[in-house]
**Student:** 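Just dropping this structure here.
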Amino acid sequence: IRYPAKLIPGSNTTFDETIDGTDWRYHIFVSDGTFSPSSDVSGVEYVIVAGGASGGRNGSSTAYGAGGGGAGGLIHNIGSPTSIPAGSYPIVIGVGGAKQSLASADTPGNAGGNTTFNGLTAVGGGRGGVRSSTASIRDGGSGGSGGGGGEYTTMGLGGSGTSGQGYAGGSATASSGGGGGGAGGAGGAGGAAVGGLPVYLNIYDQPVPFAGGGGGANQSATPGAIQN
């Protein structure tokens, strides 16, 4: 008899599953916690994902596109297992960047938080840019994956990603803000301002996508598509 073990939303969960004749124990952390093996553990594989960023939000009367939020950085060793000695290993989970509410002012997005485990740090995603004469607000933020640039008379540039964790955000064009970068590819630009591609990892019996970027918004305030 085989059945999926359902995760409890908002909670850390441990469950066992047999895949292709191999028994696996999963530890899922969606909030801060501690991994505490009582004895040495071999064959350990991990996926560490930082919080994704929110996209920029232009003011209620603004006819310009805003940049999409970058995906949180992705670190994993799937296919290259390691050993972890018995002990206590704190885990900090990075939260996603808070969304911006509609206001009269143009407001860039918020960066995602870092996730840490066993000396490794996945960097939070870079926030999306918005209309501004100031480059640091117009351009997408740097992060695990970079945020998309905001549209203006001078187009915002995409933020840079972190090497080995994610890709850059897309730059804005005359029709749209840039897409946020993803772990599997850079954010799009212009009318094709889709979020950057995720990375698919075989952690269950089928590939699972991780860390796709958020799409940029166009002049008509149509939101872009997230990659998942």
Side-chain angles (χ1 to χ4, degrees), residues 1-54 69-98 110-126 142-145 161-167 180-185 196-214 226-228:
I1 298 173
R2 180 180 177 182
Y3 60 93
K6 296 184 180 296
L7 301 185
I8 302 172
S11 300
N12 298 333
T13 300
T14 299
F15 63 94
D16 298 326
E17 185 143 341
T18 301
I19 299 174
D20 295 332
T22 300
D23 296 329
W24 295 88
R25 170 155 291 181
Y26 290 84
H27 297 267
I28 309 296
F29 290 86
V30 296
S31 60
D32 296 353
T34 304
F35 177 55
S36 302
S38 58
S39 59
D40 296 352
V41 184
S42 61
V44 176
E45 296 182 328
Y46 53 77
V47 178
I48 306 170
V49 187
S54 60
L74 171 66
I75 301 173
H76 73 90
N77 73 333
I78 302 300
S80 301
T82 188
S83 297
I84 294 182
S88 181
Y89 301 87
I91 295 173
V92 176
I93 301 298
V95 299
N110 290 299
N114 296 346
T115 295
T116 61
F117 167 63
N118 197 25
L120 300 171
T121 298
V123 179
S142 297
S145 289
T162 299
S163 178
Q165 298 190 22
Y167 287 80
L197 292 171
V199 167
Y200 287 83
L201 299 175
N202 288 299
I203 62 169
Y204 298 112
D205 54 356
Q206 59 184 353
V208 177
F210 288 93
I226 190 169
Q227 288 282 8
N228 54 30

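These numbers come from a predicted model, not from an experiment.
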**Student:** Let's go through Q165 and L74 carefully: what are the C-alpha distance in whole Å and the side-chain angles of both, what is the deciding distance for side-chain contact (heavy atoms from CB on, under 4.5 Å) to 0.1 Å, and is it a yes or a no?
**Tutor:** CA-CA 5 Å; Q165 298 190 22; L74 171 66; 5.6 Å; no
**Student:** Spell out, as yes or no, whether a donor-acceptor pair under 3.5 Å connects the side chain of S145 to the backbone of G70.
**Tutor:**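 Between the backbone of G70 and the side chain of S145 there is no qualifying donor-acceptor contact (under 3.5 Å).
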**Student:** Is the backbone of T18 close enough, under 3.5 Å, to the side chain of D23 for a donor and an acceptor to pair up by distance?
**Tutor:**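 No; zero donor-acceptor contacts below 3.5 Å.
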**Student:** Can you name the nearest heavy-atom pair linking I203 to I19, along with the distance?
**Tutor:**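 Of all heavy-atom pairs spanning I203 and I19, the closest is O-CD1, 4.2 Å.
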**Student:** What are the two closest non-hydrogen atoms of G126 and A53, and how far apart are they?
**Tutor:**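 Heavy atoms of G126 and A53 come nearest at O-CB, 3.2 Å.
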**Student:** Do any N or O atoms from the side chain of N12 and from the backbone of H27 form a donor-acceptor pair under 3.5 angstrom?
**Tutor:**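 Checked: no pair found.
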**Student:** For the aromatic rings, using the six-membered ring if either is Trp, is the centroid distance between Y204 and Y26 under 6.0 Å?
**Tutor:**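 Ring centroids of Y204 and Y26 are less than 6.0 Å from each other.
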**Student:** Could you tell me which non-hydrogen atom of A122 sits nearest to which non-hydrogen atom of G73, and how far apart they are?
**Tutor:**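 What the structure gives for the nearest pair is CB-O, 3.4 Å.
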**Student:** Please round to the nearest 0.5 Å and tell me the distance separating atom CD1 of I78 and atom CZ of F210.
**Tutor:**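 Answer rounded to 0.5 Å: 7.5 Å.
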**Student:** Can you see which heavy atom on N110 is nearest to which on S54, and at what distance?
**Tutor:**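 Smallest interatomic distance, heavy atoms only, reads N-OG, 2.8 Å.
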**Student:** So, using side chain to side chain donor-acceptor pair (under 3.5 Å) as the criterion, who are the partners of T116 when residues are at least two apart?
**Tutor:**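 Expected list: none.
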**Student:** Could you give the distance from OG1 (T162) to OH (Y167), rounded to the nearest 0.5 Å?
**Tutor:**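 Result: 12.5 Å between the selected atoms.
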**Student:** May I have the list of side-chain donor-acceptor pairs in residues 39-52 shorter than 3.5 Å, sequence neighbours left out?
**Tutor:**
from: D40; atom 1: OD1; to: A86; atom 2: N; distance (Å): 2.9
from: E45; atom 1: OE2; to: G79; atom 2: N; distance (Å): 2.8

**Student:** Kindly indicate, with the supporting measurements, whether the criterion side-chain contact (heavy atoms from CB on, under 4.5 Å) is fulfilled by F15 and I28.
**Tutor:** CA-CA 9 Å; F15 63 94; I28 309 296; 3.8 Å; yes
**Student:** Does T115 form a side-chain contact (heavy atoms from CB on, under 4.5 Å) with T121? I'd like the steps, not just the answer.
**Tutor:** CA-CA 6 Å; T115 295; T121 298; over 6 Å; no
